[in-house]
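What follows is a set of notes on a single structure, which appears directly below.
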Amino acid sequence: MRNDNLKSYLNLHLIVFIWGFTAILGALITIDAENLVWFRMLLAGVFLAAFIVYKKQSFVISATSFAKLIFVGLLIALHWIFFFRAIHVSNVSITLSIFSLGAFFASLLEPLFYGRKILFYEVFFGLIIIGGLALIMQVEVKYLHGMYYALASIILGVLFTLMNGKLISDHEPSVITFYEFGAGVFFISIYFLIQGKFTADFFTMSLNNWLLLLLLSSVCTAYAFTASVKVMQKLSPYTVMLTTNLEPVYGIMLAYFILGGKEKMSTEFYIGALIIVITVILNGVFKHYKNKKEV
């Protein structure tokens, strides 16, 4: 990895750590997944709008870009809904472990989005991660329902990551994220209106839930999501997705210490997680060596 990319790579790891903590907040916030995502995207959108005004950035985008961002916003909303549902029906550890599949899907889909050939080592690292995941699934069958939700979530996550990778060349990351979150709120609001969910009870929550939602929407969403789009200006979507495989490790560690025995898993589970970590490290070393030879 080139030296001018090192800062972006380290910043990416900080973002992934924050995402790992996001899962903990999702487990601690005691409202439905759809409601949680609606509040998360709404509050994060407000924080982003204030940031854009403060930085004197322009909200103006082309009609074509607007249409694309609306679609990506829908993908993000569905991604998060499935993510939090997975946590609620299984646990943090299981949900985050499934996210390791993201690198494998990215290695297959990125060439289609960017018109380049499939690189052998990307598929190879993805297959190693599949092996680690298979070990986890073999011993944690009782959480299969949650695994399905998590799988749907990560597929959607790969798709919007790849689409954002093509949008960042034309717009500021904060502006892109603002419109995407606004679209997510719009689509979920339509669903809620049809279902008649906008009642007084919908907005009645404990102080603890409100505080956790503010933390989730500000640090773990507005900052982390915008920063993740920005690092894609230096790093490929595949590198972003593969490094994101550390999210399960960070999240599982945090869950064990914060949520307690509920998150204690089998020995095989932790072996599978270790395989994922080693793969991420090997990918970073390999890219560093490969790019040094190209300089």
Side-chain angles (χ1 to χ4, degrees), residues 5 7-9 11-20 22 37 40-42 44-45 47-49 51-52 55 57-83 99 101-116 122 126 152-188 217 219-247:
N5 289 350
K7 183 177 179 181
S8 294
Y9 191 68
N11 192 34
L12 177 59
H13 278 274
L14 172 62
I15 294 166
V16 172
F17 183 85
I18 292 173
W19 282 341
T22 296
V37 173
R40 178 186 190 181
M41 299 187 89
L42 177 65
F47 286 123
L48 284 169
F51 176 80
I52 292 169
K55 288 290 187 178
Q57 298 172 352
S58 174
F59 284 93
V60 178
I61 59 173
S62 67
T64 302
S65 295
F66 181 75
K68 292 178 180 178
L69 292 174
I70 292 296
F71 179 68
V72 174
L74 174 61
L75 295 182
I76 294 171
L78 291 173
H79 161 75
W80 280 339
I81 288 172
F82 285 133
F83 173 71
F99 269 46
L101 276 172
F104 181 67
F105 287 130
S107 69
L108 297 179
L109 293 176
E110 187 178 338
L112 299 178
F113 276 76
Y114 291 90
R116 65 163 177 79
E122 292 183 348
S153 178
I154 194 56
I155 291 174
L156 292 168
V158 170
L159 289 175
F160 79 69
T161 298
L162 292 171
M163 294 186 71
N164 272 341
K166 300 190 73 171
L167 290 168
I168 56 175
S169 58
D170 301 321
H171 305 287
E172 289 288 339
S174 53
V175 176
I176 289 176
T177 310
F178 170 77
Y179 281 108
E180 290 173 346
F181 287 0
V185 172
F186 173 77
F187 285 116
I188 298 175
S217 60
V219 177
C220 298
T221 306
Y223 164 73
F225 204 88
T226 302
S228 71
V229 176
K230 188 172 183 179
V231 298
M232 289 179 67
Q233 295 171 335
K234 295 288 186 180
L235 306 174
S236 75
Y238 177 78
T239 298
V240 173
M241 186 56 65
L242 189 59
T243 306
T244 302
N245 283 294
L246 281 175
E247 180 181 348

Self-check item: Evaluation steps, side chain to side chain contact (heavy atoms under 4.5 Å, CB included), between Ile188 and Ile81
Solution: CA-CA 10 Å; Ile188 298 175; Ile81 288 172; 4.2 Å; yes

Exercise. For Phe186, check ring pair (Phe, Tyr, Trp, His ring centres under 6.0 Å) against everything at least two apart and list the hits.
Key: none

Quiz item: Can you name the residues that form a ring pair (Phe, Tyr, Trp, His ring centres under 6.0 Å) with Phe59, not counting sequence neighbours?
Solution: Phe178

A side-chain contact here means heavy atoms from C-beta on lying under 4.5 Å apart; do [X] and [Y] qualify?
| X | Y | answer |
| --- | --- | --- |
| Asn164 | Thr161 | no |
| Phe71 | Leu159 | no |
| Trp80 | Ile76 | yes |
| Leu78 | Phe187 | no |
| Ile61 | Tyr179 | yes |
| Leu74 | Ile70 | no |

Self-check item: Qualifying residue, where the test is side chain to side chain contact (heavy atoms under 4.5 Å, CB included) with Val175 and the options are Leu48, Val60, Ile52
Solution: Ile52

Can you name the nearest heavy-atom pair linking [X] to [Y], along with the distance?
| X | Y | answer |
| --- | --- | --- |
| Ala77 | Val37 | O-CG1, 4.0 Å |
| Val231 | Ser8 | CG1-O, 3.8 Å |
| Phe47 | Ala222 | CB-CB, 4.0 Å |

Exercise. State, without any angle test, whether Ser174 and Thr177 hold a side-chain donor-acceptor pair at a distance under 3.5 Å.
Key: no

Quiz prompt | Between Thr221 and Arg40: side-chain donor-acceptor atoms closer than 3.5 Å | solution = yes

Quiz item: Okay, side chain of Ser153, backbone of Phe82: is any donor-acceptor separation there less than 3.5 Å?
Solution: no

Quiz prompt | Sub-6.0 Å ring centroid separation between His13 and Tyr9 | solution = yes

Practice problem: Quick one: list whatever passes side chain to side chain contact (heavy atoms under 4.5 Å, CB included) with Ala224, sequence neighbours left out. | Solution: Ile15, Ile18, Trp19

[X] side, atom [atom1]; [Y] side, atom [atom2] - distance, nearest 0.5 Å:
| X | Y | atom1 | atom2 | value |
| --- | --- | --- | --- | --- |
| Ser65 | Leu69 | OG | CG | 6.0 Å |
| Ser62 | Lys68 | OG | NZ | 7.5 Å |
| Met163 | Glu180 | CE | CD | 9.0 Å |

